[in-house]
Protein chains: 2
Amino acid sequence: MDEKTLRIGQLAGLAGVSQDTLRFYEKHGLLNPQLRSEAGYRLYSPADAQRVSFILSAKRVGFTLNEIHDLLALEVTRDEKSCEDVKRFVDEKLITVNQRIQEMQRMKNSLQTLSNACCGGDEPATHCTILEVLSAHGDAELNLQGAV
Amino acid sequence: MDEKTLRIGQLAGLAGVSQDTLRFYEKHGLLNPQLRSEAGYRLYSPADAQRVSFILSAKRVGFTLNEIHDLLALEVTRDEKSCEDVKRFVDEKLITVNQRIQEMQRMKNSLQTLSNACCGGDEPATHCTILEVLSAHGDAELNLQGAV
DNA sequence: GTTGACTCTAGACCTTACTCTAAGGTTTAT
DNA sequence: ATAAACCTTAGAGTAAGGTCTAGAGTCAAC
């Protein structure tokens, strides 16, 4: 009604989440639409919508809602100290993301090998599991040090 | 005692998870060590340990325990039908993994930009948030179609 | 002027993935 | 031979991230 605002159902539809989820995010401080209609309906601005988009993206990448809350709260000001803090926090997240990308790549290779090796080839595999693929191309050499 | 088997505490230590977690995985069919000592202690073979390694890796990559269960159950036999099924399933997972890798890359770029732009440069940023970075380099153009 | 689609709040409930507790048996070291 | 460190089971409890329900107000259309 106001300008380019969306009501909760519209935003939920666009974002592919439920209205409950949007209210849940609001309750947990990840979102807070400033506007309300006369009747008390939430009105989401384009900035709010972008925020939702970011939240979902960060979630898919493996951040928890708490971490996303912290990411959203990041704000560099003239204050030198805050600047340091932000850099440290962000660089930490970067390390995590890089590790996860590498692990993803390994998983991708394993899946690809499984897909290639097992089907449609000239030489029909007689027996093949993902664990065998992993040991075959050496990735999974019992690197049991999950705890970094 | 037997050969190269590990008791639950040893495997848990190596894998960086709790003993409870290993029993939990067993209860949910992701793991089932065949051997027990006289006293009824679980004895994990190297293959069991590899399985644990796979589970943790797959988890970090974003698969749920249910999905991991299915991945572990994949087994290509001479049976043509099973082969088709496996390929379909694996290719589906490959698509997911690829999407996630791309999203990770975008998140990495955003974090990198934030890290670079906000600190230590000659030109001190006066104001900068992750959302502003995102809109600045165009990634987050309200692509609100999270639901594929 | 009322039917149907939409929104509100508060609070109960659910799933996933553990984590802890209790009550007890085993193994090793002293 | 007994304490300390290990293992067993069954079942209750927890945290994260929603999801559902009830009861009620709102808005557009017929």
Side-chain angles (χ1 to χ4, degrees), chain A residues 1-2 5-45 48-49 51-72 96 146-147, chain B residues 1-2 5-45 48-49 51-72 96 146-147:
Chain A
M1 288 205 159
D2 232 311
T5 62
L6 297 168
R7 274 169 309 157
I8 197 165
Q10 300 175 304
L11 180 52
L14 284 170
V17 299
S18 73
Q19 306 183 10
D20 277 329
T21 297
L22 294 179
R23 292 195 202 97
F24 177 83
Y25 288 165
E26 185 175 339
K27 198 160 82 181
H28 289 71
L30 285 106
L31 212 51
N32 75 321
Q34 296 291 321
L35 287 153
R36 291 272 179 143
S37 74
E38 295 270 297
Y41 290 11
R42 289 167 181 80
L43 297 173
Y44 295 91
S45 70
D48 291 323
R51 219 174 156 85
V52 170
S53 171
F54 176 81
I55 293 167
L56 298 178
S57 185
K59 236 173 63 68
R60 279 192 294 270
V61 163
F63 288 112
T64 66
L65 295 190
N66 275 334
E67 290 173 314
I68 294 169
H69 183 271
D70 293 347
L71 282 171
L72 285 168
T96 314
Chain B
M1 288 203 156
D2 230 313
T5 61
L6 297 168
R7 275 169 308 156
I8 197 165
Q10 300 176 304
L11 180 53
L14 283 171
V17 299
S18 73
Q19 305 182 12
D20 277 328
T21 297
L22 294 180
R23 290 194 203 97
F24 177 84
Y25 288 164
E26 184 174 340
K27 198 159 83 181
H28 289 72
L30 284 106
L31 211 53
N32 74 323
Q34 296 292 321
L35 287 153
R36 290 274 178 142
S37 74
E38 296 270 298
Y41 289 10
R42 288 167 181 80
L43 297 173
Y44 294 92
S45 70
D48 291 323
R51 220 174 155 85
V52 170
S53 170
F54 176 81
I55 293 167
L56 299 179
S57 184
K59 236 172 65 66
R60 280 191 295 272
V61 164
F63 288 111
T64 66
L65 294 188
N66 274 335
E67 288 173 317
I68 294 169
H69 183 272
D70 293 348
L71 282 171
L72 285 167
T96 313

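Each chain gets a letter, A, B and so on, in the order the sequences are listed, and its residues count up from 1.
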Just how far, in rounded Å, is [atom2] of [N] from [atom1] of [X]?
{"X": "A/H69", "N": "D/dA16", "atom1": "NE2", "atom2": "C1'", "result": "15 Å"}
{"X": "A/F24", "N": "D/dG18", "atom1": "CZ", "atom2": "C1'", "result": "6 Å"}
{"X": "A/L11", "N": "C/dT7", "atom1": "CG", "atom2": "C1'", "result": "14 Å"}
{"X": "A/L31", "N": "D/dG18", "atom1": "CG", "atom2": "P", "result": "12 Å"}
{"X": "A/E26", "N": "C/dT9", "atom1": "CD", "atom2": "P", "result": "7 Å"}
{"X": "B/H28", "N": "C/dT19", "atom1": "NE2", "atom2": "P", "result": "13 Å"}
{"X": "A/L6", "N": "C/dT7", "atom1": "CG", "atom2": "C1'", "result": "15 Å"}
{"X": "B/L35", "N": "D/dC7", "atom1": "CG", "atom2": "P", "result": "16 Å"}

Could you tell me which non-hydrogen atom of B/A12 sits nearest to which non-hydrogen atom of B/S18, and how far apart they are?
CB-C, 3.9 Å
The ring pair (Phe, Tyr, Trp, His ring centres under 6.0 Å) partners of B/H28 (sequence neighbours excluded) come to B/F24
One character per nucleotide, please: for nucleotides 8-15 of chain D, 5' to 3', B when the base has a protein heavy atom closer than 4.0 Å, S when only the sugar-phosphate does, - otherwise.
BB------
Closer than 4.0 Å, any side-chain N/O of A/T21 to the OP1 or OP2 of D/dT19?
yes
Could you walk me through whether A/T21 and A/Q19 pass side chain to side chain contact (heavy atoms under 4.5 Å, CB included), step by step?
CA-CA 5 Å; A/T21 297; A/Q19 306 183 10; over 6 Å; no
Go through A/V17 and A/Y25 one step at a time and tell me if the side chain to side chain contact (heavy atoms under 4.5 Å, CB included) criterion holds.
CA-CA 11 Å; A/V17 299; A/Y25 288 165; 5.5 Å; no
Relative to the 5' end of DNA chain D, which residue comes earlier, A/E38 or A/K59, by the nucleotide with the nearest heavy atom?
A/K59
Under 3.5 Å, is there a donor-acceptor pair between the side chain of A/D70 and the main chain of A/E67?
no
Assign each of B/R7 and B/N66 to its nearest nucleotide of DNA chain C by heavy atoms, then name whichever residue's nucleotide is nearer the 5' end.
B/N66
State plainly whether the residues B/D20 and B/R23 are in salt-bridge range, i.e. N to O under 4.0 Å.
yes
Interatomic spacing from CG in A/L22 to CZ in A/R42 - rounded to 0.5 Å:
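It is 9.0 Å, given to the nearest 0.5 Å.
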